[in-house]
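Data block below; observations after.
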Amino acid sequence: MHIKVFGSGCARCHQAETLVREAVQSFGNTATVEMVTDFKAMMAAGVMSPPAIAIDDRVVCTGRIPAKSEVVEWLATAEQAALSARDGCPGT
């Protein structure tokens, strides 16, 4: 699983990155977390309002810092989708 935190490098964006890293650690996932500050990359991902978070190239949050519980929920959903895809089961 690959998570991107999009932001300009401001304090709110770094706060979002820290929160995501904490959520990944508490979830027990081995996901990689990348901070993306390149505006062209943000635009290509459809991010207009940072901070934003994408999990496996799917934007799940823009313009706010989510609660840690939200991030954990997104991780669980993404992990389940990946397992279903791997096993050939249709996703929900």
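Worth knowing before you read on, the calculation uses all heavy atoms, side chains too, and leaves out hydrogens, waters and symmetry mates.
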More than 12 heavy atoms of other residues, nucleotides or ligands under 6.0 Å from [atom1] of [X]: is that the case?
X	atom1	value
Arg64	CZ	yes
Glu22	CD	yes
Glu70	CD	yes

Does a side-chain heavy-atom distance below 4.5 Å link [X] with [Y]?
X	Y	result
Pro50	Thr62	no
Thr32	Ile3	no
His14	Glu17	yes
Val5	Glu34	no

Please say yes or no: joined through hydrophobic side-chain contacts below 4.5 Å, possibly via intermediate residues, are [X] and [Y] part of one cluster?
X	Y	value
Val59	Val71	no
Val24	Ile53	yes
Ile65	Ile55	yes
Met43	Phe6	no

- [ ] Using the side chain to side chain contact (heavy atoms under 4.5 Å, CB included) rule, take Val60 and Arg58 through it: C-alpha gap first, then chi angles, then the decisive distance, then the call.
- [x] CA-CA 6 Å; Val60 294; Arg58 182 176 161 260; 3.5 Å; yes
Open item on the list: Closer than 3.5 angstrom, by distance alone: can the side chain of His2 be matched with the main-chain N or O of Asp57 as a donor-acceptor pair?
Closed with: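 Checking the backbone N and O of Asp57 against the side chain of His2, no donor-acceptor pair under 3.5 Å is found.
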Compare every heavy atom of [Y] with every heavy atom of [X], then report the nearest pair and how far apart it is.
X	Y	answer
Gly63	Arg12	O-NH2, 3.6 Å
Cys13	Met35	CB-CE, 3.6 Å
Pro66	Leu19	O-CD2, 2.9 Å
Val33	Arg21	O-NH2, 3.1 Å
Ser8	Thr37	C-CG2, 4.3 Å

